[in-house]
Amino acid sequence: MRAVSIRVSEETIAFVKQETKKRGIATEAEMWRILIERGVAASEGTQAQIDALIKIGVQSLCLTQRFAGAQNESLIAEAREDARSMLDRMGMI
């Protein structure tokens, strides 16, 4: 293992001390490791969920475009304009 140095608020330090005692963990260093590992795992899980949602969204978009294209090509252009407008209102573009 490698030692790292970080600065955290007094409230965070107090929380770690309290959790260490409450859980009966031998050292605060072990509690810090647990918290960091859980944070990393949560971040990785969140990214995996985001990636899955993007894939589903892209697949749905492609299917919808093929469907609309088979009916009327102008529907695709209109849908793109609707999407741009909605994304603009959401502050994403």
Among residues at least two apart in sequence or on other chains, which ones pass salt bridge (charged side-chain N to carboxylate O under 4.0 Å, His left out) with Arg66?
none

Co-membership, hydrophobic cluster, residues Leu35 and Val4, 4.5 Å side-chain:
no

For a quick test of reading the model, state the closest non-hydrogen atom pair linking Ile76 to Ala68 and the distance between them.
CG1-CB, 4.0 Å

Got a sec, which pairs hit salt bridge (charged side-chain N to carboxylate O under 4.0 Å, His left out) with one end in residues 29-48, sequence neighbours left out?
Glu30-Arg33

Can you check side chain to side chain contact (heavy atoms under 4.5 Å, CB included) on Val8 and Trp32, steps first, answer last?
CA-CA 12 Å; Val8 295; Trp32 282 105; 3.8 Å; yes

Identify the two heavy atoms, one from Thr12 and one from Ser9, that lie closest to each other, and give their separation to 0.1 Å.
OG1-OG, 2.9 Å

Applying side-chain hydrogen bond (donor to acceptor under 3.5 Å, both in side chains), can you list everything that pairs with Arg7, at least two apart in sequence or on another chain?
none

Output for pair (Gln18 CD, Arg23 CZ), nearest 0.5 Å, gives 10.5 Å

Asp82: side-chain contact (heavy atoms from CB on, under 4.5 Å) partners, not counting sequence neighbours
none

With a 4.5 Å cut-off on side-chain heavy-atom distances among I, L, V, M, F, W and Y, is there a chain of contacts connecting Phe67 to Leu75?
no

My understanding is that only residues two or more places apart in sequence, or in another chain, count here; which of them pass salt bridge (charged side-chain N to carboxylate O under 4.0 Å, His left out) with Arg84?
Glu81

Side-chain heavy atoms nearer than 4.5 Å, only ILVMFWY residues, links allowed to pass through others: does that put Met31 and Ile36 together?
no

Listed pairs under 3.5 Å, donor-acceptor, residues 50-65 side chains, sequence neighbours left out:
residue : atom : partner : partner atom : Å
Asp51   : OD1  : Gln47   : NE2          : 2.9
Ser60   : OG   : Ile56   : O            : 2.9
Thr64   : OG1  : Ser60   : O            : 2.8

Walk me through whether Thr20 and Thr27 qualify under side chain to side chain contact (heavy atoms under 4.5 Å, CB included).
CA-CA 7 Å; Thr20 302; Thr27 65; over 6 Å; no

